[in-house]
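Down below is the structure, laid out as structure tokens.
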Amino acid sequence: MDEGGDYYLPAAVLGAALLVKLPALVRGWRSATVRTVNALLLLPCAGFVLSSPPTITAVNRLTGISNLSALLVHCILTAYACASLVLLDHWRAESVDCARTRRRVRVWKAGCCVVITALVGLFALGEVPVERPWDFDTYYATTPFISAMLLLYLLAYVAAGVATTVVCWSWLRDIGRRTARQETRTAVDRSLQIGLLVLVIAALANIVFGSFKVTAIAARWAGRNWDALNESLSPLMSASGMMIGVGLLVPAYGPVLIDRVWQPVLGIRALRPLWRLVSRSGPAHSSRTFLRPPWYAGPEQVLLHRMTTIHDWMLALCVHCTEEVREAAYRQARVSGAGEREAVAAGLAAMFTAAAETRARTVPPAPEQGALALAAVCSAEAADRDLLVSVSRALAVAPGRRRIAAPGGSFAHR
């Protein structure tokens with residue numbers, strides 16, 4: 001990748017995530033959790049920008065202080081580690097106003113201020129005359145005061161990564177136990193689990209990052225040159241930065257995407273066999289005509305249109321339905337070992353398939369002839385909230401292999 005690209009790419013991802021969450025920050029500025037989440041996006045974004053060699057050179061020339069960008073990055077990483085722990089305290093607390101949470105947050109913030117003050121003091125006491133945009137840590141590993149500054153920020157960074165991993169993993173296990181007891185998982189649970197898992201992976205990457213740097217610095221102290229450990233970290237840092245953005249955004253926007261995109265897409269897919277039958281036969285005798293959604297319509301709108309069209313088509317076909325076909329298909333499904341719900345859906349699928357064929361060959365009968373079919377549909381809808389999906393699945397099971405005899409010599413296909 002071009003010079004600085006390993007740093008600017010994750011910075012762009014984090015910056016985009018920050019822009020997405022900016023309206024929530026404006027609306028919920030008083031919320032400590034909202035402020036901390038945005039800080040966790042802003043700090044690593046700024047850190048990646050300032051870590052890029054072109055930016056380091058520009059900052060040093062602009063301020064006239066050699067390697068000032070390195071100090072800024074170390075302070076930002078320390079603040080990021082503190083913000084991670086603060087956010088986890090807010091997330092895990094029953095209330096952000098509880099005294100225990102406030103005390104813990106004050107301890108983290110005070111510790112962060114102490115570490116940053118120490119970093120600034122040690123940098124001021126040390127001498128770093130040579131600009132080192134790529135290997136500042138290992139080049140100055142044996143320089144008085146600077147070596148202590150490097151060790152201090154890396155230990156704080158690794159400790160925060162360990163704490164983040166422990167808390168997120170513990171939280172994941174708590175969610176797993178709770179959903180196992182309830183035997184169900186909501187969209188919020190799924191999104192939170194995915195986000196926490198991504199944050200665990202990102203925290204582990206940060207631990208590896210810090211450990212490699214500490215090892216390279218310790219090697220310098222021992223008179224060895226293990227600078228390759230330090231130089232090989234750019235891809236890991238890029239991946240970690242992007243995972244942080246993903247891990248923080250998934251719990252916030254995952255439930256909406258699952259409810260409004262993923263679930264409707266699954267619904268459209270499940271209704272495909274029934275929709276094909278509707279498209280072939282066509283709701284020609286329906287009393288209502290529904291406009292097709294535009295090409296840019298979302299999955300929710302497409303699913304609603306298809307469900308409405310299918311339901312209206314079924315009601316229009318009721319006058320052509322025969323109860324004998326439905327009963328025969330229902331009994332055959334039960335004999336084959338199907339459950340009550342599947343057998344009911346199989347009966348309705350056979351009945352409406354036969355009705356579609358009958359309508360294509362005969363004139364419409366009197367409306368009162370569809371009373372029994374309409375009652376069967378209403379009863380099935382009351383017992384199965386996903387009746388259309390169940391009927392569609394029944395149509396998809398070995399279509400055309402079995403034929404149920406209907407009165408008058410006609411046949412229904414299952």
Side-chain angles (χ1 to χ4, degrees), residues 179 181-187 189-190 258-260 262-279 281 283 286-288 290 299-300 302-359 367-399 401-407 412-414:
T179 54
R181 289 195 302 268
Q182 297 174 349
E183 296 183 352
T184 182
R185 285 196 308 169
T186 64
D189 290 330
R190 294 190 189 97
I258 290 175
D259 290 337
R260 304 192 64 176
W262 181 246
Q263 294 294 353
V265 168
L266 292 181
I268 292 171
R269 181 180 179 183
L271 288 176
R272 191 176 297 165
L274 184 54
W275 181 250
R276 283 199 293 262
L277 178 61
V278 173
S279 300
S281 61
S286 174
S287 60
R288 294 177 292 178
F290 302 101
E300 268 191 320
V302 173
L303 179 61
L304 179 61
H305 170 263
R306 291 195 176 185
M307 292 179 67
T308 305
T309 302
I310 290 172
H311 197 268
D312 191 64
W313 171 84
M314 292 171 69
L315 293 179
L317 277 182
C318 280
V319 295
H320 298 277
C321 293
T322 54
E323 186 68 10
E324 291 82 359
V325 172
R326 187 185 67 82
E327 285 290 341
Y330 170 82
R331 287 194 299 270
Q332 183 174 338
R334 291 295 284 173
V335 170
S336 300
E340 177 67 19
R341 176 178 172 179
E342 291 77 11
V344 170
L348 292 176
M351 181 179 71
F352 282 112
T353 302
E357 295 176 355
T358 301
R359 186 181 67 177
E368 57 270 13
Q369 292 188 20
L372 289 177
L374 182 60
V377 172
C378 293
S379 175
E381 284 181 330
D384 185 359
R385 56 182 298 182
D386 295 322
L387 177 64
L388 298 185
V389 173
S390 299
V391 173
S392 185
R393 287 172 178 165
L395 285 171
V397 176
R401 289 186 182 179
R402 284 177 285 179
R403 298 166 65 87
I404 310 297
H413 296 270
R414 281 192 60 205

Less than 4.5 Å apart, side chain to side chain, heavy atoms only: is that true for Leu348 and Met351? yes
Measure the CD-CD1 distance between Glu300 and Ile268 for me, rounded to the nearest 0.5 Å. 10.0 Å
Any non-hydrogen side-chain atom of Arg276 less than 4.5 Å from a side-chain atom of Ser279? no
Are Val377 and Glu381 side-chain neighbours, meaning at least one heavy-atom pair lies under 4.5 Å? yes
Closest non-hydrogen atom pair, Cys318 against Ala373: O-CB, 3.8 Å
At what distance, to the nearest 0.5 angstrom, does CZ of Arg326 lie from CZ of Arg331? 9.5 Å
Give the ring-plane orientation class for Trp275 versus His305, where under 30° counts as parallel, over 60° as perpendicular and anything between as tilted. perpendicular
Between Ile258 and Pro264, which heavy-atom pair has the shortest distance, and what is it? O-CD, 4.1 Å
Treating Thr358 as the side-chain partner and His320 as the backbone partner, does any N or O pair qualify as donor plus acceptor under 3.5 Å? no
Closest non-hydrogen atom pair, Pro273 against Ala396: CG-CB, 3.7 Å
So CG of Leu374 and CG of Leu317: to nearest 0.5 Å the spacing works out to 12.0 Å
At what distance, to the nearest 0.5 angstrom, does OH of Tyr330 lie from CD of Glu342? 11.0 Å
What is the minimum heavy-atom distance between Ala349 and Ala394, and which atoms define it? CB-CB, 3.9 Å
Shortest non-hydrogen contact from Glu340 to Arg334? N-NH1, 3.0 Å
Does a donor on one side chain sit under 3.5 Å from an acceptor on the other, for Thr179 and Asp189? no
So do the side chains of Asp386 and Arg341 get within less than 4.5 Å of each other, counting heavy atoms only? yes
Closest non-hydrogen atom pair between Val325 and Ala354, with its separation: CG1-CB, 4.2 Å
With a 4.5 Å heavy-atom cut-off, do Leu303 and Leu271 have their side chains touching? yes
Counting only N and O atoms by type, is there a donor-acceptor contact under 3.5 Å from the side chain of Ser379 to the main-chain atoms of Ala375? no
Test log, rule side-chain contact (heavy atoms from CB on, under 4.5 Å), inputs Trp313 and Leu277: CA-CA 10 Å; Trp313 171 84; Leu277 178 61; 3.7 Å; yes
Side-chain heavy-atom pair Leu388, Met314 within 4.5 angstrom cut-off: yes
